[in-house]
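Residues take their numbers from the sequence shown, with the count starting at 1. Values in this document were obtained by computation on a predicted structure and should not be read as measured data.
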Amino acid sequence: MAGGEISIGRFRLDLARRELRRDGILVRLGSRALDILCVVAAAEGNVVTKDELMAQVWAGVVVAENNLHVHISALRKALAEGRDGQSWIVTVPGRGYRLLGSPEPPGVDRAVRGRGLPIPTEPSLAVLPFLNLSGDPEQEYFADGIAEDIITAVSRYPSLFVIARSSCFTYRGRPVDVKQVGRELGVRYVLEGGLRKAGNRIRVTARLVEAEPGSRFWAERYDRDAADVFAVQDEIAVAVTTAIAPAIADAELRRAMHNPPDSLDAWAAYQRGLWHIRRATADDNLRAVKFFQQAIDLDPSFSGAYGGLAIARATAADFAGRPLSETADDVAALVRHAVALDPANSEARSTLASVLYRLGDYGGALAEVKNALGISPNLARAHGVFGAILVFSGHPQQGVAALERSIRLDPRGPQRVIRLNQIALGLYYCREYEAAVTMAKEVIREYPDYPHSYRWLAAALGQLDRIEAAKAVLEKAVAIAPAAFEMFAQGVPWIRPQDHAHMLEGLHKAGYPQAGYPRA
(Lines give C-alpha, C1' and ligand atoms only; values in the text may rest on other atoms or scores of the structure.)
Protein backbone atom coordinates (compact mmCIF):
# COMPACT_ATOMS: atom_id res chain seq x y z
CA MET A 1 0.00 0.00 0.00
CA ALA A 2 1.36 3.43 -0.97
CA GLY A 3 2.24 5.92 1.74
CA GLY A 4 0.90 9.45 2.14
CA GLU A 5 -1.65 11.44 4.10
CA ILE A 6 -5.37 11.77 3.44
CA SER A 7 -7.66 14.43 4.94
CA ILE A 8 -11.06 13.28 6.19
CA GLY A 9 -12.80 16.36 7.60
CA ARG A 10 -11.04 17.11 10.90
CA PHE A 11 -9.10 13.84 10.63
CA ARG A 12 -5.81 13.01 8.92
CA LEU A 13 -4.89 9.44 8.04
CA ASP A 14 -1.16 8.70 7.66
CA LEU A 15 -1.06 5.60 5.48
CA ALA A 16 2.67 5.05 5.98
CA ARG A 17 2.50 5.15 9.78
CA ARG A 18 -1.01 3.71 9.88
CA GLU A 19 -2.16 6.49 12.24
CA LEU A 20 -5.47 8.36 12.37
CA ARG A 21 -5.39 11.75 14.06
CA ARG A 22 -8.11 14.27 14.77
CA ASP A 23 -6.83 17.85 15.11
CA GLY A 24 -3.39 16.35 15.72
CA ILE A 25 -4.52 13.98 18.48
CA LEU A 26 -4.20 10.24 17.92
CA VAL A 27 -7.49 8.34 17.56
CA ARG A 28 -7.43 4.83 18.95
CA LEU A 29 -8.81 2.20 16.54
CA GLY A 30 -8.79 -1.57 16.54
CA SER A 31 -6.29 -3.11 14.13
CA ARG A 32 -8.99 -4.54 11.82
CA ALA A 33 -10.89 -1.25 11.69
CA LEU A 34 -7.65 0.57 10.87
CA ASP A 35 -6.89 -1.99 8.14
CA ILE A 36 -10.31 -1.36 6.58
CA LEU A 37 -9.85 2.42 6.72
CA CYS A 38 -6.42 2.22 5.07
CA VAL A 39 -7.73 -0.02 2.27
CA VAL A 40 -10.70 2.24 1.55
CA ALA A 41 -8.55 5.38 1.77
CA ALA A 42 -5.90 3.99 -0.55
CA ALA A 43 -8.59 3.47 -3.21
CA GLU A 44 -8.64 7.30 -3.64
CA GLY A 45 -12.40 7.60 -3.81
CA ASN A 46 -13.06 4.46 -5.86
CA VAL A 47 -15.48 1.87 -4.58
CA VAL A 48 -13.92 -1.07 -2.73
CA THR A 49 -16.11 -4.17 -2.85
CA LYS A 50 -16.88 -6.25 0.21
CA ASP A 51 -15.01 -9.19 -1.29
CA GLU A 52 -11.92 -7.05 -1.84
CA LEU A 53 -12.04 -5.80 1.75
CA MET A 54 -12.47 -9.29 3.15
CA ALA A 55 -9.58 -10.57 1.03
CA GLN A 56 -7.18 -7.80 2.06
CA VAL A 57 -8.09 -7.42 5.73
CA TRP A 58 -8.60 -11.10 6.54
CA ALA A 59 -6.13 -12.56 4.03
CA GLY A 60 -6.25 -16.36 4.09
CA VAL A 61 -8.83 -16.42 6.91
CA VAL A 62 -12.46 -17.43 6.48
CA VAL A 63 -14.72 -15.08 8.47
CA ALA A 64 -18.40 -14.16 8.40
CA GLU A 65 -19.37 -10.99 6.53
CA ASN A 66 -20.88 -9.69 9.77
CA ASN A 67 -17.32 -9.07 11.02
CA LEU A 68 -16.87 -6.52 8.26
CA HIS A 69 -20.14 -4.79 9.17
CA VAL A 70 -19.12 -4.58 12.84
CA HIS A 71 -15.80 -2.88 12.03
CA ILE A 72 -17.38 -0.55 9.46
CA SER A 73 -19.87 0.51 12.16
CA ALA A 74 -17.01 1.16 14.60
CA LEU A 75 -15.21 3.28 11.99
CA ARG A 76 -18.33 5.31 11.28
CA LYS A 77 -18.78 6.00 14.97
CA ALA A 78 -15.16 7.17 15.29
CA LEU A 79 -15.30 9.37 12.19
CA ALA A 80 -18.66 10.89 13.20
CA GLU A 81 -16.98 12.10 16.41
CA GLY A 82 -19.17 10.01 18.67
CA ARG A 83 -22.51 11.58 17.71
CA ASP A 84 -25.27 10.96 15.19
CA GLY A 85 -23.58 12.64 12.26
CA GLN A 86 -22.45 12.07 8.72
CA SER A 87 -20.18 9.10 8.19
CA TRP A 88 -17.30 9.50 5.79
CA ILE A 89 -17.49 5.85 4.76
CA VAL A 90 -20.31 5.67 2.22
CA THR A 91 -22.14 2.49 1.34
CA VAL A 92 -22.59 2.12 -2.43
CA PRO A 93 -25.58 -0.24 -2.66
CA GLY A 94 -24.81 -3.54 -4.35
CA ARG A 95 -21.13 -2.65 -4.77
CA GLY A 96 -19.24 -1.88 -1.55
CA TYR A 97 -17.79 1.15 0.20
CA ARG A 98 -15.87 4.31 -0.65
CA LEU A 99 -14.37 7.12 1.41
CA LEU A 100 -16.17 10.43 0.98
CA GLY A 101 -13.07 12.35 2.12
CA SER A 102 -11.22 11.15 -1.00
CA PRO A 103 -11.57 12.93 -4.34
CA GLU A 104 -14.53 11.68 -6.31
CA PRO A 105 -13.28 9.63 -9.24
CA PRO A 106 -14.44 10.24 -12.80
CA GLY A 107 -17.56 8.33 -13.73
CA VAL A 108 -18.97 8.05 -10.20
CA ASP A 109 -22.59 6.95 -10.15
CA ARG A 110 -24.44 10.29 -9.98
CA ALA A 111 -27.72 8.57 -9.20
CA VAL A 112 -26.18 7.02 -6.09
CA ARG A 113 -24.53 10.32 -5.17
CA GLY A 114 -27.73 12.29 -5.75
CA ARG A 115 -29.66 10.40 -3.11
CA GLY A 116 -27.84 12.46 -0.51
CA LEU A 117 -26.39 11.85 2.93
CA PRO A 118 -27.90 12.29 6.38
CA ILE A 119 -27.31 15.73 7.90
CA PRO A 120 -25.50 15.69 11.27
CA THR A 121 -27.30 16.94 14.35
CA GLU A 122 -24.68 19.62 14.99
CA PRO A 123 -24.15 22.44 12.44
CA SER A 124 -22.47 21.14 9.29
CA LEU A 125 -20.62 23.21 6.70
CA ALA A 126 -19.17 22.82 3.22
CA VAL A 127 -16.84 25.53 1.89
CA LEU A 128 -16.98 25.54 -1.91
CA PRO A 129 -14.04 26.66 -4.08
CA PHE A 130 -14.19 30.43 -4.55
CA LEU A 131 -14.90 31.50 -8.13
CA ASN A 132 -12.24 33.40 -10.04
CA LEU A 133 -14.24 36.22 -11.63
CA SER A 134 -11.23 38.30 -12.63
CA GLY A 135 -10.61 36.74 -16.05
CA ASP A 136 -7.00 36.19 -14.99
CA PRO A 137 -6.13 32.47 -14.76
CA GLU A 138 -3.24 33.28 -12.42
CA GLN A 139 -5.76 34.28 -9.75
CA GLU A 140 -7.06 30.70 -9.50
CA TYR A 141 -4.43 29.85 -6.87
CA PHE A 142 -5.45 32.88 -4.81
CA ALA A 143 -9.16 31.94 -4.90
CA ASP A 144 -8.37 28.32 -4.05
CA GLY A 145 -6.03 29.38 -1.26
CA ILE A 146 -8.72 31.43 0.47
CA ALA A 147 -11.17 28.52 0.44
CA GLU A 148 -8.50 26.08 1.65
CA ASP A 149 -7.48 28.37 4.51
CA ILE A 150 -11.11 28.82 5.56
CA ILE A 151 -11.68 25.05 5.59
CA THR A 152 -8.57 24.57 7.74
CA ALA A 153 -9.61 27.33 10.15
CA VAL A 154 -13.27 26.39 10.59
CA SER A 155 -12.30 22.72 11.07
CA ARG A 156 -10.79 23.80 14.39
CA TYR A 157 -14.16 24.87 15.79
CA PRO A 158 -15.42 22.00 17.98
CA SER A 159 -19.07 22.84 17.33
CA LEU A 160 -18.81 22.62 13.52
CA PHE A 161 -18.88 19.51 11.33
CA VAL A 162 -16.77 20.52 8.32
CA ILE A 163 -16.51 18.65 5.03
CA ALA A 164 -12.98 17.93 3.78
CA ARG A 165 -11.41 19.99 1.01
CA SER A 166 -11.18 17.00 -1.30
CA SER A 167 -14.96 16.58 -1.31
CA CYS A 168 -15.74 20.30 -1.52
CA PHE A 169 -13.38 20.82 -4.46
CA THR A 170 -15.16 18.21 -6.60
CA TYR A 171 -17.54 21.11 -7.38
CA ARG A 172 -14.73 23.24 -8.78
CA GLY A 173 -15.34 24.66 -12.24
CA ARG A 174 -18.98 23.65 -12.64
CA PRO A 175 -22.35 25.30 -11.92
CA VAL A 176 -23.48 24.76 -8.35
CA ASP A 177 -26.93 24.41 -6.82
CA VAL A 178 -26.49 24.82 -3.06
CA LYS A 179 -29.53 22.63 -2.36
CA GLN A 180 -27.89 19.84 -4.32
CA VAL A 181 -24.57 20.40 -2.53
CA GLY A 182 -26.35 20.19 0.80
CA ARG A 183 -27.97 16.88 -0.14
CA GLU A 184 -24.87 15.35 -1.70
CA LEU A 185 -22.47 16.26 1.09
CA GLY A 186 -24.98 16.01 3.92
CA VAL A 187 -24.58 19.59 5.23
CA ARG A 188 -26.91 22.29 6.49
CA TYR A 189 -24.78 25.28 5.49
CA VAL A 190 -22.73 26.13 2.41
CA LEU A 191 -20.17 28.93 2.11
CA GLU A 192 -19.55 30.20 -1.42
CA GLY A 193 -17.65 33.18 -2.73
CA GLY A 194 -15.84 34.85 -5.58
CA LEU A 195 -12.77 36.92 -6.39
CA ARG A 196 -12.30 39.91 -8.71
CA LYS A 197 -9.01 41.70 -9.38
CA ALA A 198 -8.76 45.11 -10.98
CA GLY A 199 -5.36 46.75 -11.12
CA ASN A 200 -3.84 46.57 -7.66
CA ARG A 201 -7.17 45.98 -5.89
CA ILE A 202 -8.72 42.66 -4.96
CA ARG A 203 -12.38 42.25 -4.05
CA VAL A 204 -13.53 39.04 -2.38
CA THR A 205 -17.19 38.32 -1.68
CA ALA A 206 -18.44 35.56 0.62
CA ARG A 207 -21.98 34.27 1.20
CA LEU A 208 -23.24 31.83 3.82
CA VAL A 209 -26.34 29.94 2.69
CA GLU A 210 -28.68 27.55 4.46
CA ALA A 211 -28.68 24.75 1.92
CA GLU A 212 -32.17 23.27 2.07
CA PRO A 213 -34.18 26.49 1.62
CA GLY A 214 -31.32 28.02 -0.38
CA SER A 215 -31.58 31.23 1.63
CA ARG A 216 -28.62 33.50 2.28
CA PHE A 217 -28.32 34.74 5.87
CA TRP A 218 -24.82 36.25 5.90
CA ALA A 219 -22.73 38.01 3.26
CA GLU A 220 -19.70 40.27 3.27
CA ARG A 221 -17.35 41.98 0.84
CA TYR A 222 -13.64 42.52 1.37
CA ASP A 223 -11.66 45.08 -0.67
CA ARG A 224 -7.89 44.97 -0.26
CA ASP A 225 -4.66 46.12 -1.92
CA ALA A 226 -2.92 43.20 -3.64
CA ALA A 227 0.61 44.28 -2.70
CA ASP A 228 1.27 41.22 -0.50
CA VAL A 229 -0.94 38.50 -1.95
CA PHE A 230 -0.28 35.93 0.74
CA ALA A 231 -0.89 38.37 3.58
CA VAL A 232 -4.16 39.46 1.95
CA GLN A 233 -5.18 35.82 1.51
CA ASP A 234 -4.54 35.09 5.19
CA GLU A 235 -6.31 38.28 6.32
CA ILE A 236 -9.45 37.56 4.32
CA ALA A 237 -9.54 33.90 5.38
CA VAL A 238 -9.35 34.90 9.06
CA ALA A 239 -11.99 37.62 8.62
CA VAL A 240 -14.43 35.23 6.94
CA THR A 241 -13.83 32.47 9.48
CA THR A 242 -14.37 34.67 12.51
CA ALA A 243 -17.56 36.07 10.97
CA ILE A 244 -19.28 32.86 9.93
CA ALA A 245 -18.85 30.94 13.21
CA PRO A 246 -21.09 33.37 15.21
CA ALA A 247 -23.48 33.62 12.24
CA ILE A 248 -23.96 29.84 12.23
CA ALA A 249 -24.33 29.84 16.03
CA ASP A 250 -27.16 32.39 15.73
CA ALA A 251 -28.86 30.34 13.01
CA GLU A 252 -28.62 27.16 15.11
CA LEU A 253 -30.11 28.95 18.10
CA ARG A 254 -33.08 30.13 16.04
CA ARG A 255 -33.62 26.57 14.85
CA ALA A 256 -33.56 25.23 18.40
CA MET A 257 -35.97 27.87 19.72
CA HIS A 258 -38.61 26.88 17.15
CA ASN A 259 -39.09 23.43 18.71
CA PRO A 260 -41.08 22.66 21.88
CA PRO A 261 -38.88 21.42 24.77
CA ASP A 262 -40.23 17.86 24.70
CA SER A 263 -39.27 17.39 21.03
CA LEU A 264 -35.66 18.54 21.23
CA ASP A 265 -32.70 16.41 20.20
CA ALA A 266 -29.42 16.63 22.13
CA TRP A 267 -27.96 19.45 20.02
CA ALA A 268 -31.13 21.57 20.21
CA ALA A 269 -31.38 21.02 23.98
CA TYR A 270 -27.77 22.19 24.29
CA GLN A 271 -28.56 25.30 22.26
CA ARG A 272 -31.54 26.06 24.51
CA GLY A 273 -29.24 25.77 27.52
CA LEU A 274 -26.87 28.31 25.97
CA TRP A 275 -29.79 30.67 25.32
CA HIS A 276 -30.79 30.63 28.99
CA ILE A 277 -27.17 31.04 30.13
CA ARG A 278 -26.98 34.15 27.96
CA ARG A 279 -29.88 35.80 29.83
CA ALA A 280 -27.78 35.88 33.02
CA THR A 281 -30.50 35.47 35.66
CA ALA A 282 -30.78 32.91 38.46
CA ASP A 283 -34.02 31.47 37.07
CA ASP A 284 -32.66 31.19 33.54
CA ASN A 285 -29.55 29.53 34.87
CA LEU A 286 -31.68 26.84 36.52
CA ARG A 287 -33.47 26.28 33.22
CA ALA A 288 -30.08 25.98 31.52
CA VAL A 289 -29.14 23.21 33.96
CA LYS A 290 -32.27 21.28 32.93
CA PHE A 291 -31.61 21.66 29.21
CA PHE A 292 -27.95 20.63 29.48
CA GLN A 293 -29.00 17.59 31.52
CA GLN A 294 -31.62 16.81 28.87
CA ALA A 295 -28.89 16.92 26.20
CA ILE A 296 -26.76 14.48 28.22
CA ASP A 297 -29.70 12.13 28.72
CA LEU A 298 -30.36 12.15 24.97
CA ASP A 299 -26.69 11.67 24.04
CA PRO A 300 -24.32 10.61 26.86
CA SER A 301 -21.33 10.99 24.50
CA PHE A 302 -21.99 14.71 23.80
CA SER A 303 -18.93 16.46 25.24
CA GLY A 304 -20.33 19.97 24.94
CA ALA A 305 -23.36 19.19 27.09
CA TYR A 306 -21.16 18.21 30.05
CA GLY A 307 -19.19 21.44 29.68
CA GLY A 308 -22.40 23.47 29.55
CA LEU A 309 -23.75 21.74 32.66
CA ALA A 310 -20.50 22.44 34.50
CA ILE A 311 -20.73 26.16 33.68
CA ALA A 312 -24.37 26.34 34.72
CA ARG A 313 -23.76 24.61 38.05
CA ALA A 314 -20.78 26.84 38.85
CA THR A 315 -22.86 29.91 37.95
CA ALA A 316 -25.72 28.66 40.15
CA ALA A 317 -23.30 28.64 43.09
CA ASP A 318 -22.43 32.29 42.35
CA PHE A 319 -26.06 33.35 42.20
CA ALA A 320 -26.80 31.54 45.48
CA GLY A 321 -23.74 32.98 47.21
CA ARG A 322 -22.24 29.53 47.81
CA PRO A 323 -18.47 29.10 47.53
CA LEU A 324 -17.37 27.12 44.50
CA SER A 325 -15.60 24.70 46.85
CA GLU A 326 -19.04 23.26 47.74
CA THR A 327 -19.64 22.16 44.14
CA ALA A 328 -16.03 21.99 42.93
CA ASP A 329 -15.83 18.19 42.82
CA ASP A 330 -19.07 17.90 40.86
CA VAL A 331 -18.17 20.69 38.43
CA ALA A 332 -14.61 19.43 37.93
CA ALA A 333 -15.85 15.88 37.32
CA LEU A 334 -18.27 17.10 34.64
CA VAL A 335 -15.71 19.12 32.77
CA ARG A 336 -12.99 16.46 32.99
CA HIS A 337 -15.49 13.98 31.57
CA ALA A 338 -16.16 16.42 28.71
CA VAL A 339 -12.42 16.56 27.93
CA ALA A 340 -12.08 12.77 28.21
CA LEU A 341 -14.92 12.30 25.70
CA ASP A 342 -13.27 14.68 23.26
CA PRO A 343 -9.64 15.67 24.02
CA ALA A 344 -9.59 17.93 20.94
CA ASN A 345 -12.67 19.86 22.05
CA SER A 346 -11.25 23.31 22.72
CA GLU A 347 -14.50 24.50 24.32
CA ALA A 348 -14.28 21.68 26.88
CA ARG A 349 -10.66 22.53 27.60
CA SER A 350 -11.60 26.20 27.98
CA THR A 351 -14.27 25.23 30.49
CA LEU A 352 -11.74 23.13 32.42
CA ALA A 353 -9.41 26.15 32.48
CA SER A 354 -12.28 28.27 33.82
CA VAL A 355 -12.91 25.82 36.66
CA LEU A 356 -9.21 25.64 37.52
CA TYR A 357 -8.69 29.41 37.79
CA ARG A 358 -11.84 29.74 39.91
CA LEU A 359 -10.22 27.27 42.30
CA GLY A 360 -7.10 29.48 42.38
CA ASP A 361 -4.98 27.22 40.13
CA TYR A 362 -3.77 29.88 37.69
CA GLY A 363 -0.91 27.74 36.35
CA GLY A 364 -3.11 24.74 35.55
CA ALA A 365 -5.75 27.01 34.05
CA LEU A 366 -3.21 28.78 31.84
CA ALA A 367 -1.88 25.46 30.53
CA GLU A 368 -5.37 24.25 29.63
CA VAL A 369 -6.44 27.46 27.91
CA LYS A 370 -3.22 27.52 25.88
CA ASN A 371 -4.05 23.98 24.75
CA ALA A 372 -7.50 25.22 23.74
CA LEU A 373 -6.08 28.15 21.78
CA GLY A 374 -3.60 25.84 20.09
CA ILE A 375 -6.52 23.76 18.81
CA SER A 376 -8.86 26.67 17.99
CA PRO A 377 -6.96 29.98 17.70
CA ASN A 378 -10.15 31.97 17.01
CA LEU A 379 -12.39 30.42 19.67
CA ALA A 380 -14.08 33.25 21.54
CA ARG A 381 -14.56 31.25 24.73
CA ALA A 382 -10.86 30.38 24.90
CA HIS A 383 -9.84 34.03 24.52
CA GLY A 384 -12.37 34.99 27.19
CA VAL A 385 -11.07 32.46 29.72
CA PHE A 386 -7.50 33.48 28.85
CA GLY A 387 -8.41 37.09 29.57
CA ALA A 388 -10.04 36.19 32.88
CA ILE A 389 -6.97 34.22 33.99
CA LEU A 390 -4.73 37.18 33.16
CA VAL A 391 -6.98 39.65 35.00
CA PHE A 392 -7.21 37.57 38.15
CA SER A 393 -3.55 36.50 38.20
CA GLY A 394 -2.23 40.07 38.25
CA HIS A 395 -2.07 41.05 34.57
CA PRO A 396 -5.27 43.07 34.15
CA GLN A 397 -4.17 45.21 31.21
CA GLN A 398 -3.32 42.20 29.03
CA GLY A 399 -6.41 40.46 30.35
CA VAL A 400 -8.73 43.25 29.25
CA ALA A 401 -7.26 43.09 25.75
CA ALA A 402 -7.94 39.33 25.55
CA LEU A 403 -11.49 39.81 26.88
CA GLU A 404 -12.16 42.47 24.27
CA ARG A 405 -10.93 40.10 21.56
CA SER A 406 -13.29 37.42 22.87
CA ILE A 407 -16.25 39.76 22.50
CA ARG A 408 -15.17 40.82 19.00
CA LEU A 409 -15.03 37.17 17.96
CA ASP A 410 -18.53 36.44 19.30
CA PRO A 411 -20.39 39.70 20.05
CA ARG A 412 -23.62 37.99 21.17
CA GLY A 413 -22.22 34.81 22.72
CA PRO A 414 -23.57 33.20 25.91
CA GLN A 415 -20.56 34.42 27.92
CA ARG A 416 -21.00 38.09 26.94
CA VAL A 417 -22.24 39.32 30.33
CA ILE A 418 -19.39 37.57 32.16
CA ARG A 419 -16.76 38.98 29.80
CA LEU A 420 -18.13 42.53 30.03
CA ASN A 421 -18.16 42.30 33.82
CA GLN A 422 -14.59 40.99 33.81
CA ILE A 423 -13.53 43.94 31.65
CA ALA A 424 -15.09 46.27 34.23
CA LEU A 425 -13.22 44.67 37.11
CA GLY A 426 -10.03 44.48 35.02
CA LEU A 427 -10.25 48.23 34.48
CA TYR A 428 -10.83 48.65 38.21
CA TYR A 429 -7.69 46.61 38.94
CA CYS A 430 -5.82 48.90 36.50
CA ARG A 431 -7.12 51.82 38.59
CA GLU A 432 -8.91 53.18 35.53
CA TYR A 433 -11.97 53.97 37.63
CA GLU A 434 -13.80 56.18 35.14
CA ALA A 435 -13.54 53.48 32.47
CA ALA A 436 -14.65 50.88 35.03
CA VAL A 437 -17.75 52.94 35.83
CA THR A 438 -18.62 53.28 32.14
CA MET A 439 -18.24 49.53 31.52
CA ALA A 440 -20.15 48.50 34.66
CA LYS A 441 -23.03 50.77 33.69
CA GLU A 442 -23.07 49.21 30.22
CA VAL A 443 -23.36 45.74 31.76
CA ILE A 444 -26.18 46.87 34.05
CA ARG A 445 -28.09 48.43 31.14
CA GLU A 446 -27.92 45.17 29.19
CA TYR A 447 -28.28 42.78 32.14
CA PRO A 448 -30.02 44.54 35.05
CA ASP A 449 -30.52 41.28 36.96
CA TYR A 450 -26.88 40.25 36.85
CA PRO A 451 -25.64 41.03 40.37
CA HIS A 452 -21.85 41.28 40.17
CA SER A 453 -21.49 44.48 38.13
CA TYR A 454 -23.22 46.55 40.83
CA ARG A 455 -20.39 45.64 43.22
CA TRP A 456 -17.67 46.90 40.88
CA LEU A 457 -19.65 50.02 40.00
CA ALA A 458 -20.05 50.85 43.70
CA ALA A 459 -16.32 50.30 44.33
CA ALA A 460 -15.25 52.43 41.34
CA LEU A 461 -17.62 55.26 42.30
CA GLY A 462 -16.21 55.08 45.83
CA GLN A 463 -12.67 55.44 44.53
CA LEU A 464 -13.79 58.51 42.55
CA ASP A 465 -15.31 60.01 45.73
CA ARG A 466 -18.81 60.06 44.22
CA ILE A 467 -20.07 58.96 47.59
CA GLU A 468 -23.82 59.50 47.22
CA ALA A 469 -23.97 57.65 43.92
CA ALA A 470 -21.71 54.94 45.30
CA LYS A 471 -23.95 54.41 48.34
CA ALA A 472 -27.05 54.05 46.18
CA VAL A 473 -25.36 51.44 43.97
CA LEU A 474 -23.97 49.64 47.03
CA GLU A 475 -27.48 49.28 48.44
CA LYS A 476 -28.62 47.83 45.10
CA ALA A 477 -25.62 45.46 45.03
CA VAL A 478 -26.53 44.05 48.44
CA ALA A 479 -30.28 43.95 47.80
CA ILE A 480 -30.14 42.16 44.44
CA ALA A 481 -28.07 39.23 45.74
CA PRO A 482 -27.18 39.50 49.45
CA ALA A 483 -25.63 36.04 49.77
CA ALA A 484 -23.46 36.49 46.67
CA PHE A 485 -22.35 39.94 47.84
CA GLU A 486 -21.35 38.60 51.24
CA MET A 487 -19.45 35.70 49.66
CA PHE A 488 -17.35 38.08 47.54
CA ALA A 489 -16.85 40.43 50.47
CA GLN A 490 -15.40 37.56 52.48
CA GLY A 491 -13.15 36.53 49.58
CA VAL A 492 -13.18 33.92 46.81
CA PRO A 493 -10.31 31.67 45.65
CA TRP A 494 -9.84 33.29 42.24
CA ILE A 495 -9.32 36.84 43.56
CA ARG A 496 -5.84 37.43 44.99
CA PRO A 497 -5.66 38.89 48.53
CA GLN A 498 -4.20 42.20 47.30
CA ASP A 499 -6.95 42.53 44.66
CA HIS A 500 -9.59 41.66 47.24
CA ALA A 501 -8.24 44.36 49.54
CA HIS A 502 -8.33 46.81 46.60
CA MET A 503 -12.01 45.94 45.97
CA LEU A 504 -12.89 46.39 49.64
CA GLU A 505 -11.11 49.76 49.67
CA GLY A 506 -13.57 51.08 47.10
CA LEU A 507 -16.56 49.47 48.81
CA HIS A 508 -15.57 50.96 52.17
CA LYS A 509 -15.50 54.41 50.57
CA ALA A 510 -18.96 53.65 49.20
CA GLY A 511 -20.20 52.96 52.75
CA TYR A 512 -19.56 49.25 53.23
CA PRO A 513 -18.60 48.83 56.92
CA GLN A 514 -15.01 47.94 57.74
CA ALA A 515 -16.17 45.07 59.93
CA GLY A 516 -18.38 43.62 57.20
CA TYR A 517 -21.88 44.38 56.07
CA PRO A 518 -24.44 43.30 58.68
CA ARG A 519 -26.28 40.11 57.79
CA ALA A 520 -30.06 40.24 57.60
Side-chain angles (χ1 to χ4, degrees), residues 156 158 277 280 304 307-308 310-315 317-318 323-325 327-328 331-332 334-336 338-339 343-410 413-432 435-436 439-440 443 450 452-453 455-456 487-488 491-503:
R156 294 171 174 169
I277 283 279
I311 294 170
R313 287 186 175 169
T315 304
D318 280 355
L324 183 62
S325 57
T327 57
V331 170
L334 284 168
V335 75
R336 290 188 187 281
V339 172
N345 187 334
S346 49
E347 288 181 348
R349 289 195 174 275
S350 299
T351 302
L352 177 56
S354 180
V355 171
L356 291 174
Y357 91 69
R358 284 165 59 84
L359 293 172
D361 182 3
Y362 301 130
L366 196 59
E368 283 296 337
V369 82
K370 285 184 176 179
N371 282 336
L373 287 167
I375 297 167
S376 301
N378 292 314
L379 183 66
R381 176 159 179 75
H383 284 280
V385 174
F386 182 48
I389 295 168
L390 291 173
V391 165
F392 289 117
S393 63
H395 307 280
Q397 190 169 9
Q398 298 96 312
V400 167
L403 290 164
E404 289 174 341
R405 176 164 176 75
S406 172
I407 293 173
R408 284 199 301 272
L409 288 170
D410 192 1
Q415 298 289 306
R416 176 177 171 81
V417 61
I418 295 173
R419 302 304 170 223
L420 289 173
N421 182 65
Q422 288 168 343
I423 289 175
L425 69 92
L427 292 169
Y428 181 89
Y429 286 169
C430 290
R431 289 176 164 72
E432 297 181 21
M439 180 56 66
V443 182
Y450 185 72
H452 303 312
S453 298
R455 183 175 66 256
W456 296 104
M487 179 183 74
F488 278 86
V492 290
W494 61 92
I495 296 182
R496 301 181 309 158
Q498 57 268 50
D499 293 330
H500 181 250
H502 182 197
M503 177 191 75

Closest contact, heavy atoms only, [X] versus [Y]:
X: Ala424; Y: Ala436; value: O-CB, 3.6 Å
X: Gly307; Y: Ala338; value: N-CB, 4.0 Å
X: Leu390; Y: Gly399; value: CB-CA, 3.6 Å
X: Val417; Y: Ala280; value: CG1-CB, 3.5 Å
X: Ala317; Y: Thr327; value: CB-OG1, 4.1 Å
X: Ala314; Y: Val331; value: N-CG2, 4.0 Å

**Report entry** Expected output: side-chain Ser393 to main-chain Tyr362 donor-acceptor under 3.5 Å
**Finding:**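 No: the side chain of Ser393 does not pair with the backbone of Tyr362.
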Query - Test item: His383 side-chain N/O and Pro377 main-chain N/O as donor-acceptor pair under 3.5 Å - result: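 Judged by distance alone, yes, a pair lies under 3.5 Å.
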I want to check something: taking the side chain as every heavy atom from C-beta on, are [X] and [Y] in contact at a cut-off of under 4.5 Å?
X: Ser453; Y: Asn421; answer: yes
X: Tyr429; Y: Val391; answer: yes
X: Val385; Y: Gln422; answer: no
X: Trp456; Y: Met503; answer: yes

So how far is it from [X] [atom1] to [Y] [atom2], rounded to the nearest 0.5 Å?
X: Ile423; Y: Ser406; atom1: CD1; atom2: OG; result: 8.0 Å
X: Leu379; Y: Leu373; atom1: CG; atom2: CG; result: 7.5 Å
X: Leu356; Y: Arg349; atom1: CG; atom2: CZ; result: 11.0 Å
X: Ile418; Y: Leu403; atom1: CD1; atom2: CG; result: 11.0 Å
X: Ser354; Y: Gln415; atom1: OG; atom2: CD; result: 7.0 Å
X: Leu420; Y: Tyr450; atom1: CG; atom2: OH; result: 9.5 Å

Query raised in the report: Are Arg455 and Phe488 in a cation-pi contact, defined as NZ or CZ under 6.0 Å from the six-membered ring centre and within 45° of the axis?
Result: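 So Arg455 does make the cation-pi contact.
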Query - Audit row: Asn378, Arg405, side chain to side chain donor-acceptor pair (under 3.5 Å) steps and yes/no - result: CA-CA 9 Å; Asn378 292 314; Arg405 176 164 176 75; 3.2 Å; yes
**Report entry** Heavy atoms from other residues, nucleotides or ligands near CZ of Arg336 exceed 12 (cutoff 6.0 Å)
**Finding:**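 For Arg336, atom CZ is not crowded (no more than 12 foreign heavy atoms under 6.0 Å).
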**Report entry** Check: Tyr357 ring centroid to Phe392 ring centroid under 6.0 Å
**Finding:**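 Judged by ring-centre distance (under 6.0 Å), Tyr357 and Phe392 do meet the cut-off.
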Requested in this report: Begin with the C-alpha distance, continue with both residues' side-chain angles, and end with the deciding distance and a verdict on side-chain contact (heavy atoms from CB on, under 4.5 Å) for Val339 and Asn345.
Outcome: CA-CA 7 Å; Val339 172; Asn345 187 334; over 6 Å; no
Requested in this report: Any chance you could lay out the side-chain contact (heavy atoms from CB on, under 4.5 Å) test for Glu404 and Arg419, step after step, and finish with the verdict?
Outcome: CA-CA 8 Å; Glu404 289 174 341; Arg419 302 304 170 223; over 6 Å; no
Query raised in the report: What salt bridge (Lys or Arg N to Asp or Glu O under 4.0 Å) pairs are there with at least one residue in residues 352-361, not counting sequence neighbours?
Result: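 Pairs touching residues 352-361 that pass the test: Asp318-Arg358.
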Query raised in the report: Under 4.0 Å between a Lys/Arg side-chain N and an Asp/Glu carboxylate O for Arg381 and Glu347?
Result: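 No, no charged N to carboxylate O under 4.0 Å.
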